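The structure appears right after this line, and notes come after that.
No experiment lies behind these values; they were computed from the predicted model shown. All values below were derived from every heavy atom in this structure, side-chain atoms included, with hydrogens, water molecules and symmetry-related copies excluded.
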Amino acid sequence: MTGNKQYSFFEDVYDVVRLIPEGRVTSYGAVAAYLGAKMSSRMVGWAMNGAANVSPPVPAQRVVNRIGMLTGKHHFGEPYAMQKLLEAEGLTIENDKILNFQKAYWNPLEELAI
DNA sequence: CGATTGACGTACG
DNA sequence: TCGTACGCCAATC
């Protein structure tokens, strides 16, 4: 193909994150596991680093770490932007952590199936 | 080109 | 149970 557009790990990450329904959240490891690279969970976080630069926009606010903590809130321009977005979707955040995270957890391995 | 960092996760003490 | 160390791969310095 003349297009050098190679399907990178990042492209797959963005695609999965866009499939996250509103009011639901998932973890970096879950996305990585769905892509078959659960040990490379850091790459998912790094992919999100460029998520704000891709189109269509990726709901990176729905992706948090395994404990439901908004570790990447500082990457949204405003630290509280991520929390506001999640609260607007019906989630409850306290102390930078999602309450009932396990209840709102959206597992691509089960929802999207392999 | 080598070393360090990073939006994580697991293993070990 | 909690804290620390290591591994993952890519980007940056």
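When all heavy atoms of A:Gly29 and A:Ser41 are compared, the closest pair comes out as CA-CB, 4.0 Å. Closest approach of A:Ala32 and A:Val44 over heavy atoms only: CB-CG2, 3.5 Å.
Scanning DNA chain B 5' to 3' for nucleotides with an atom closer than 4.0 angstrom to a non-hydrogen atom of chain A gives a first and last hit of B:dG6 to B:dT10. Mapping heavy-atom proximity under 4.0 Å, the span of DNA chain C touched by chain A runs 5' to 3' from C:dG7 to C:dA11.
Considering CZ of A:Phe9 and OH of A:Tyr14, their distance stands at 10.5 Å, rounded to 0.5 Å. Atoms OH and OG1, from A:Tyr34 and A:Thr26 in turn, are 11.5 Å apart once rounded to the nearest 0.5 Å.
Contacts of residues 41-67 of chain A with DNA chain C (heavy atom under 4.0 Å): A:Arg42, A:Met43, A:Trp46.
A:Val17 and A:Leu86 end up in different hydrophobic clusters when Ile, Leu, Val, Met, Phe, Trp and Tyr side chains are linked at under 4.5 Å. Clustering ILVMFWY residues whenever any of their side-chain heavy atoms sit less than 4.5 angstrom apart, transitively, puts A:Met39 in a cluster other than the one holding A:Met48.
Proximity of A:Arg42 to A:Tyr28: side-chain heavy atoms (C-beta onward) are nowhere separated by under 4.5 Å.
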Could you tabulate the donor-acceptor pairs under 3.5 Å formed by side-chain atoms of residues 50-68 of chain A, not counting sequence neighbours?
from, atom 1, to, atom 2, distance (Å)
A:Arg62, NE, A:Glu89, OE1, 3.1
A:Arg62, NE, A:Glu89, OE2, 3.0
A:Arg62, NH1, A:Ile20, O, 2.8
A:Arg62, NH2, A:Glu89, OE2, 2.8
A:Asn65, OD1, A:Ile67, N, 3.4
A:Asn65, OD1, A:Gly68, N, 3.1
A:Asn65, OD1, A:Met69, N, 2.7

Could you pull out every donor-acceptor pair under 3.5 Å between side chains of residues 74-85 of chain A and any protein atom, sequence neighbours left out?
from, atom 1, to, atom 2, distance (Å)
A:Gln83, NE2, A:Glu87, OE2, 3.2

Output side-chain donor-acceptor pairs under 3.5 Å for residues 92-106 of chain A, partner residues at least two apart or in another chain, one line each.
from, atom 1, to, atom 2, distance (Å)
A:Asp96, OD1, A:Lys73, NZ, 3.0
A:Asp96, OD2, A:Lys73, NZ, 2.4
A:Tyr105, OH, A:Ser27, OG, 3.3

